[in-house]
Protein chains: 2
Amino acid sequence: MMRLSKYFLPILKETPIEASVVSHQLMLRSGMIRQLTSGIYNWLPLGLKVLKNIENIIREEMDASGAQEVLMPCIQPAELWKKSGRFGGTDDLSEEMLKMKDRHGNQLLFAPTAEEVISELFNNNTQSYRDLPKNLYQISWKFRDEIRPRFGLMRGREFLMKDAYSFDIDKEAALKTYKTMMQTYINIFNRLGLKAIPVTADSGSIGGDYSHEFHILSETGESTIYYDRELEKHLNSNFDLELFSKYYAADKDKHNPKECKVSEENLLVKKGIEVGHVFYLGQKYSKSLEVTLQGKDGQLIYPHMGCYGIGVSRLIAAIIEASHDEKGIIWPASVAPFSLGLINLKAEDEKCNAACMQVINTIPNVLYDDTSDSAGAKFAKMDLIGLPWQLVVGPRGISTGMVELKNRKTGEKEELSLETAINKLRQC
Amino acid sequence: MMRLSKYFLPILKETPIEASVVSHQLMLRSGMIRQLTSGIYNWLPLGLKVLKNIENIIREEMDASGAQEVLMPCIQPAELWKKSGRFGGTDDLSEEMLKMKDRHGNQLLFAPTAEEVISELFNNNTQSYRDLPKNLYQISWKFRDEIRPRFGLMRGREFLMKDAYSFDIDKEAALKTYKTMMQTYINIFNRLGLKAIPVTADSGSIGGDYSHEFHILSETGESTIYYDRELEKHLNSNFDLELFSKYYAADKDKHNPKECKVSEENLLVKKGIEVGHVFYLGQKYSKSLEVTLQGKDGQLIYPHMGCYGIGVSRLIAAIIEASHDEKGIIWPASVAPFSLGLINLKAEDEKCNAACMQVINTIPNVLYDDTSDSAGAKFAKMDLIGLPWQLVVGPRGISTGMVELKNRKTGEKEELSLETAINKLRQC
């Protein structure tokens with residue numbers, strides 16, 4: 001239980017003018033984040049709780065898929081990146097790379113991604129095909145020096161990302177891992193209460209036959225995606241890549257009206273926010289970074305790699321874009337920072353207090369509004385921060401043992417006895 | 001449950017020559033970490049699990065103390081640090097600071113600590129004395145460009161730290177918070193199975209009357225500390241700062257034989273590893289960074305601050321220094337990466353397999369050695385990684401329903417029926 005009177009939750013009544021998209025506005029207003037400098041944010045207690053809830057869902061699903069968590073450093077030596085050809089040069093990654101020198105003059109960088117380091121780590125610590133398959137992931141802060149950071153966490157510079165890298169003996173095994181990751185991503189997005197559409201991505205030079213981007217549908221998305229209406233039916237817990245691949249889905253760059261055979265009626269054109277990708281990399285990095293293993297016949301082999309990213313901090317913004325109303329955020333229960341907002345309308349009233357204590361002692365993870373604010377201010381604040389349930393305890397109602405339970409999403413309110421309300425909340 | 005046959009756990013049989021202290025040697029040998037470049041490490045699955053266990057104990061105790069978790073960025077603008085006078089200049093912090101410029105030429109740095117950012121964040125988001133007291137903490141990666149990184153995580157460059165910053169209305173309230181933090185630190189170290197001695201620290205220019213450093217006793221420690229033998233009796237769950245302060249305890253720099261009244265017999269001189277500190281900062285930063293609040297009488301006041309650090313990654317090294325033998329690490333149960341090492345001596349034997357499955361289905365968080373390694377190699381590996389319990393299932397024993405349970409710390413082995421062993425492990 002957290003008392004609102006003690007919580008570091010600086011609410012803003014006005015919409016900050018610097019925020020142009022609703023997720024950025026609501027994250028600032030609800031006291032989740034504060035900008036430190038362009039594209040770099042402080043996380044306040046409410047925002048950090050949501051971030052950790054999302055992290056944990058991703059972690060659980062990655063672990064369940066057989067992937068293993070590691071952690072690579074933020075600061076990495078440039079040498080390795082020169083070897084892969086991604087340091088210096090003129091590609092996007094190099095321009096966005098935050099570079100520096102240490103006191104001894106060694107060139108370093110803040111990791112924007114980790115193909116180089118994971119390849120070296122894997123190469124130095126495995127010997128033979130018996131060590132395959134392996135899928136290693138991390139959840140860590142990355143930095144990309146965006147030329148124009150904007151939309152809050154949607155296009156920030158320092159951001160939290162889950163990145164995974166798989167190593168398989170051949171293409172066939174790698175594509176099996178790829179399929180497992182597709183299923184894992186669909187599980188993750190389902191648990192987050194999101195509909196994420198995987199579309200064929202422009203794989204460009206990073207290469208390989210298989211590559212999909214996951215987009216959350218949202219009017220404010222920067223991407224435009226085209227897909228067959230039927231496709232949505234197959235994004236479930238028994239995801240079938242073969243079946244799914246029969247349906248058309250492409251982002252704007254990849255969409256070719258001439259090749260698209262979906263009827264106009266069935267072709268959906270939507271705005272999306274890219275929150276994840278899965279890539280079959282083949283032997284690109286294992287060859288350039290000389291990752292070798294002893295194969296079954298004793299010859300050295302280059303493993304087939306895949307990489308799999310989710311923008312964890314961006315995902316928060318995407319969830320808010322997809323789930324809010326004019327009053328504020330509406331959190332899916334799985335990521336809500338608290339399960340219940342408990343509003344005590346008269347914190348100095350003995351009966352109100354006793355009822356609230358009964359709730360607190362029974363229901364885990366309650367945010368308790370014990371302040372002396374007006375009822376209106378209390379209701380507005382709870383609607384803004386968007387917990388799934390609100391329970392209102394006031395002197396009039398409690399004199400006959402009654403409280404009010406509100407569902408944030410539907411807006412539905414019920415007058416209930418305290419006991420009934422508690423029982424109902426325990427089942428949520 | 002994790003199967004050793006699939007786990008990314010690269011064990012080293014030989015002690016790496018680059019590692020001079022036992023914690024560094026054992027962390028490399030047991031596959032917990034790998035160096036990426038000088039003073040910068042990759043965390044492998046086994047090491048990361050321990051790191052997260054320690055993090056969670058610290059988080060639970062900090063939350064219980066009333067502190068609230070936030071997260072500040074790694075990359076911070078130099079401006080703020082110029083304001084506090086800690087950027088440029090010639091103090092240690094400035095020399096160790098990793099500095100860089102972004103693509104627009106703005107001067108940035110990788111945070112070595114966070115007084116500047118928390119002060120600004122607090123100042124911009126509080127109005128009056130009613131918002132006090134507040135104690136905000138984070139667990140995050142810091143960077144200090146040590147001139148000579150060594151001893152693995154003990155003196156690394158990128159390291160995980162818990163740092164907390166408190167804000168109080170006056171000195172009296174700040175010292176109350178200080179006392180709460182002393183108790184919290186003692187609770188944390190007790191839960192980690194460590195004896196940490198708080199000694200009067202050289203507070204130097206950072207200033208204030210109250211400052212203590214916490215040292216883990218270890219032969220390999222870089223500090224020398226002097227303290228009254230009696231003091232150890234008072235480092236318990238009912239810590240009393242007044243009582244404690246009566247006993248002599250000082251580090252080498254602060255120790256003055258002339259002022260020390262402890263008899264030679266009672267004065268202990270030990271080597272220690274500094275793993276934490278608590279500091280009363282007074283108004284140093286609130287004044288230089290202009291942190292103001294409306295006081296009770298309407299006048300602006302500068303809050304009294306404190307700061308409280310724990311070196312989370314260094315703590316792992318300190319635990320190993322304090323708890324190991326010639327065979328390997330001995331983890332305290334609270335931080336062990338797995339609760340039990342289950343050794344199947346014949347993974348292709350039906351009865352052995354069935355017995356192991358029974359254990360796995362009953363006991364949480366088991367590391368299951370299902371490999372075809374020799375018995376000797378299996379025992380050595382389990383001793384090296386140091387899980388609190390080992391359970392050995394072999395074809396001979398299991399034919400009469402018997403298994404062997406070993407306590408890693410005492411080395412004690414027991415022949416037990418499978419059921420008795422499971423029941424015993426469930427109670428641990």
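Naming: A, B, ... by sequence-line order, numbering from 1 per chain. Since the model is a prediction, treat every value here as computed from it, not as a measurement.
Comparing B:Glu69, B:Met72, B:Met2 by heavy-atom pairs within less than 4.5 Å of chain A, the highest count is held by B:Glu69. Ranked by heavy-atom pairs shorter than 4.5 Å toward chain B, the options A:Leu46, A:Asn124, A:Asn125 are led by A:Asn125. For the set B:Leu98, B:Thr126, B:Thr37, the entry with the most heavy-atom pairs within less than 4.5 Å of chain A is B:Leu98. The choice from A:Ile33, A:Val117, A:Leu36, A:Ile40 that makes the most heavy-atom pairs within less than 4.5 Å of chain B is A:Leu36.
Residue B:Gln68 comes nearest to A:Tyr7 through the heavy atom pair OE1-CD1, 3.1 Å, listed as atom of the first residue, atom of the second, then distance. Smallest separation of non-hydrogen atoms from A:Asp102 and B:Arg157: OD2-NH1, 2.9 Å. B:Glu158 approaches A:Cys74 most closely through the heavy-atom pair OE2-N, 2.8 Å.
Applying the salt bridge (Lys or Arg N to Asp or Glu O under 4.0 Å) criterion to A:Asp168, with sequence neighbours excluded, gives no partner residue.
Here salt bridge (charged side-chain N to carboxylate O under 4.0 Å, His left out) pairs that include residues 118-141 of chain A, with residues two or more places apart or in two chains, number zero.
Remark: B:Trp141 CH2 to A:Trp141 CH2 distance equals 15.0 Å, nearest 0.5 Å. With rounding to the nearest 0.5 angstrom, the CE atom of A:Met100 is 11.0 Å from the CG atom of B:Leu109.
Neither the backbone nor the side chain of B:Leu12 comes within contact range of chain A; no heavy atoms are under 4.5 Å apart. Looking at A:Tyr41, the atoms closer than 4.5 Å to chain B (heavy atoms on both sides) all sit in the backbone: N, CA, C or O. Only the side chain of A:Leu136 has a heavy atom closer than 4.5 Å to any heavy atom of chain B.
Remark: A:Gln127 CD is loosely packed, at most 12 non-hydrogen atoms of other residues, nucleotides or ligands lying under 6.0 Å away. Remark: A:Glu14 CD is loosely packed, at most 12 non-hydrogen atoms of other residues, nucleotides or ligands lying under 6.0 Å away.
Formation of a donor-acceptor pair under 3.5 Å by the A:Arg34 side chain with backbone atoms of B:Leu121 is not found in this model. Remark: the backbone N or O of B:Arg103 is paired with a side-chain donor or acceptor of A:Asp145 at under 3.5 angstrom.
Identified by a heavy-atom distance below 4.5 Å to chain A, the contributing residues of residues 47-60 of chain B are B:Leu48, B:Lys52, B:Arg59, in residue-number order.
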For residues 75-83 of chain B, please give each side-chain donor-acceptor pair under 3.5 Å, one per line with the distance, not counting sequence neighbours.
unit_1  : atom_1 : unit_2  : atom_2 : d
B:Gln76 : OE1    : B:Trp81 : NE1    : 3.1
B:Gln76 : NE2    : B:Pro73 : O      : 3.2

